[in-house]
Structure formats: structure tokens, C-alpha cells
Amino acid sequence: MKLDLNDSQASTPIGMHCKVCERKGCAQRASPFAGRQVTINENQRTLTPYPVTD
């Protein structure tokens, strides 16, 4: 399988840094949002490592 570099759908947008990035559903987040409340539910598994409340 080859990666088509001309296909705009083939890339994943990235932010400046995880703490200031606005992408809520990022599964690759390395640190929680700065200034936002992290939602922790010990009985539920999420796809994102630091889910937040809106």
C-alpha cells in the first residue's frame, strides 16, 4: 500500500502542543488540556486519554 501525498484526506492535522491543541477527540494526546477540566470515570473506558467536559 502506498501513501498518496497529494490526497488531503491522507494526512492528520496536528496541533502546536497537546496542552494548547483544541482537538478533543485526539487518541494521541500526550498531556491534558491547559485550563480545562478532565473528566474521570473509573467505570468507563474512552478512546481519548484525557477526556474533557464541555
* Is a side-chain donor or acceptor of R29 paired with a backbone partner of T48 at a separation under 3.5 angstrom? -> no

* Asked: So which heavy atom on F33 is nearest to which on V52, and how close?
  -> CD1-CG1, 3.1 Å

* Asked: Once you round to the nearest 0.5 Å, how far does CD of Q37 lie from OH of Y50?
  ->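 Rounded to the nearest 0.5 Å, the CD-OH separation comes out at 14.5 Å.
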
* Test C18 against every option in S31, P49, P32 by the side chain to side chain contact (heavy atoms under 4.5 Å, CB included) rule and name the one that passes. =>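 Answer to the side chain to side chain contact (heavy atoms under 4.5 Å, CB included) test with C18 among S31, P49, P32: S31.
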
